[in-house]
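Here is the structure we will look at, set down as structure tokens.
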Protein chains: 4
Amino acid sequence: MRMPSQNSTAARKPQRQRGHDRVAALLEAAGACFVEKGYEGTTMTEVAARAGAAIGSLYQFFPTKEALARALLEQYAQALYAELEKFTEPSANWTIEEWAEQLCTLLIAFRKRHRAFMSLVESMPRPAADGLSIRRRLRAELQALLARRAPHRSDEETYAAAVVVQQMMKGAAAIQEEPNMPGRQAALLQMQYAMQRYLHGVFGK
Amino acid sequence: MRMPSQNSTAARKPQRQRGHDRVAALLEAAGACFVEKGYEGTTMTEVAARAGAAIGSLYQFFPTKEALARALLEQYAQALYAELEKFTEPSANWTIEEWAEQLCTLLIAFRKRHRAFMSLVESMPRPAADGLSIRRRLRAELQALLARRAPHRSDEETYAAAVVVQQMMKGAAAIQEEPNMPGRQAALLQMQYAMQRYLHGVFGK
Amino acid sequence: MRMPSQNSTAARKPQRQRGHDRVAALLEAAGACFVEKGYEGTTMTEVAARAGAAIGSLYQFFPTKEALARALLEQYAQALYAELEKFTEPSANWTIEEWAEQLCTLLIAFRKRHRAFMSLVESMPRPAADGLSIRRRLRAELQALLARRAPHRSDEETYAAAVVVQQMMKGAAAIQEEPNMPGRQAALLQMQYAMQRYLHGVFGK
Amino acid sequence: MRMPSQNSTAARKPQRQRGHDRVAALLEAAGACFVEKGYEGTTMTEVAARAGAAIGSLYQFFPTKEALARALLEQYAQALYAELEKFTEPSANWTIEEWAEQLCTLLIAFRKRHRAFMSLVESMPRPAADGLSIRRRLRAELQALLARRAPHRSDEETYAAAVVVQQMMKGAAAIQEEPNMPGRQAALLQMQYAMQRYLHGVFGK
DNA sequence: AATGAATGAGCCTTCATTCAT
DNA sequence: CATGAATGAAGGCTCATTCAT
């Protein structure tokens, strides 16, 4: 049963609200699908079904499968940048080892919360690979963070270090994701240790 | 000694010269395709065409796309193990840093020569994921190598270290593969440096 | 009340007028194809074309060739059961010979109207053989009818009789279907006569 | 050197002992396959493999799948005619009931021994349907037998009776073939009884 | 907006049959 | 004759995307 629609200005808001919920549900469903089956394995039909929407509705908001993935990725990226922001301020007080530990902790927690992130970054097909640009942005972020800690280093040096840190974090994520891995915790700690050693070597006094 | 146990997804072995050549051509074509477009993006039709064979010929030897990928993977794995074998002997004379450098060099060279290796390991769909078992084998290999260098370490410790080394090598490979990456060489060197620092910290006297 | 338990090989139900029409057209086309070429000989492409639909539309409603055949079969089965229902009531007044004649008439007419029925029951591949269960149901129906006429007979006896009647009806259908058969009418009458003799022997006073 | 080729779809006759064995093995393998999977479901490759022969060898003797089936059918038909011959002589002494019983027994035993016979007769595709002609020949045979027993009957009458008898025998075979059928023996006996009643009614004094 | 039907290019795979050795 | 590789038309089915209601 439909409520008699209120006057045109008032009626708009609930409609938008509905739309918002829809989009949220769709993105969530998409995330779940991408995690479970990867980009190629995910079906637009299934995403819609999982969100309790019709296929047509899905296309109303996301004109393309790629757009859907991109939107999801973008959402994650924003969240990640927001979290990284917290590193800007207090990081000055930390030793480089503490800094590394915090970074590891943050990234690992983030990937645990948003499992589709990695999955998508890795499984989107090359030509469309938006994952690439996201990685680049994240890398720049890391570089900026590192540059702040070591202002005397050249851009080339901080860039290279950012690349290394990024790859190591990716490694940590992979460890997390691997099913039935024995000694996962120990391995993660070692990964963190490796990063600490590296950063100490490069930026430590 | 290997049983001739052709399980259903295994490749049929050619029995004539002609067949051998075909299989080689097909595998090569498959490798090229997988590199360029990943597992899902690769078409059996295209593989056949690229090898100058009819689609039926492809299926004569590889009953499935998956079998084709698996065969390729297996081929690479064997080659890699063979190369790693050379590490067993002389490594005793090396410092841990030299050892790490040699390993980096070897793996990087290997991936350059067999670009489909990584591509496939990463892009094969989970359930079939033969990549997983290959990674496990390689990890065991690394662990054995590390254990030889540090006999006083427990299995848990060497295993964790093997995991870390493996992830770092994957990172290096990713760096190599990334298109249009500025300062690639520097980054690779840093990656190697990171590994050396880590191994030094863990196994160095 | 029917559960909406769409098991994976079941047909999706259309929810719009347009869909209903499509499904009807598709089933009709399928029937025609199955009659002409049997189950294996029938092509999904051809069914779609014959119904003036795209191949995708066919699969929208019938996820499998088997599902299509099953749906058709089910439709016929329902129709047949409905017609047999009319036998329950008045049959008491008939002699066994009249009963047999009516049954022959009904079944022959039914098969003439729904020629795909038999074709499908016979040509569906064994493992999937839904034909089997349909036959079993029809057999049970016949047994019930016979049991009503001869309440003093044991279940075993009526079952065996039902089997015989069923096979004879199948024989009659085969006679009908055979192309260029001389003296078809006479043969059909003889078939009916055989059934009457048999039933008279078993259930007659 | 090629013999002036017989008609194109016929099987070539082997000319050496080895060839004979091969052909026998192939036919047997074919029979097994046809029973298990029907005509369409059977693969030339599988037949060859099952007979321990190469696919090329199979085609050396049977130029076509159809030819293979036909050859098998022909073989069975010959065997059946041979067995029916025994009916010519002594049948005069039997009552019609005895005659029917013997016929049932013989046919049932035959189908049990040559299970591919029925399977093939029923599953060969229409246009090629050699089954048809075989049925016709068998029908003629039956008619001849019946005519001998009842010389006063017209051709039309004996033909119709032959048709009925044939269908009933087919029904009996179906009963035999049906998996997990409870009370099979009883049903078979009833089938025989039905035939006896019928023949008694038509040809009995 | 929402819904669900429509579309069709394209994918993986099969298999009867032919051919070169 | 034997063998096994070669061939390619054709089939079942998927799925991103568009359209009509």
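Convention: sequence-line order gives letters A, B, ...; per-chain numbering from 1. A quick note: this is a predicted structure, and the numbers were derived from the prediction, not measured. Note that these values count all heavy atoms, side chains included, but never hydrogens, waters or copies made by symmetry.
Annotation: the span from B/T42 atom OG1 to B/L68 atom CG amounts to 9.0 Å, rounded to 0.5 Å. Distance check: D/L120 CG to D/Y76 OH gives 7.5 Å after rounding to the nearest 0.5 Å. Atom-to-atom distance recorded for A/H20:NE2 and A/F61:CZ is 10.0 Å, nearest 0.5 angstrom.
Using a 4.5 Å heavy-atom threshold, the side chains of B/S57 and B/R22 count as touching. For the pair B/Q75 and B/L72, the minimum side-chain heavy-atom distance is below 4.5 Å. Under the 4.5 Å side-chain criterion, counting only non-hydrogen atoms from C-beta, A/F62 is not in contact with A/R70. Counting only heavy atoms from C-beta outward, the side chains of C/V121 and C/M118 never approach each other to under 4.5 Å.
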What side-chain donor-acceptor pairs closer than 3.5 Å can you find for residues 25-37 of chain B, not counting sequence neighbours?
unit_1	atom_1	unit_2	atom_2	d
B/E36	OE2	B/R50	NH2	2.5
B/K37	NZ	B/E46	OE1	3.2

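Residues passing the side-chain contact (heavy atoms from CB on, under 4.5 Å) test with D/E40, sequence neighbours excluded: C/E40, D/P125.
Scanning all heavy atoms of the two residues, the minimum distance from A/M124 to A/L73 falls at SD-CD2, 3.9 Å. The two residues D/Y59 and D/M44 come nearest to each other via the heavy atoms OH-CG, 3.4 Å. When all heavy atoms are compared, the tightest approach of D/G38 to D/S119 is CA-OG, 4.3 Å.
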Map every base of DNA chain F to its dot-bracket character, where paired means a Watson-Crick or G-U wobble contact with both distances under 3.5 Å and | marks a partner outside the strand. .||||||||||||||||||||

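Contacts between residues 17-26 of chain C and DNA chain F, defined by a heavy-atom separation under 4.0 Å, are absent. For residues 28-44 of chain B, proximity to DNA chain E is found at B/T42, B/T43, B/M44, defined as any non-hydrogen atom under 4.0 angstrom from a strand atom. For the segment residues 46-64 of chain A, the set of residues with a heavy atom within less than 4.0 Å of an atom of DNA chain F comprises A/I55, A/Y59, A/T64, in numerical order.
Atom-to-atom, NZ of B/K65 to C1' of E/dT14 comes out at 18 Å; the value is rounded to the nearest Å.
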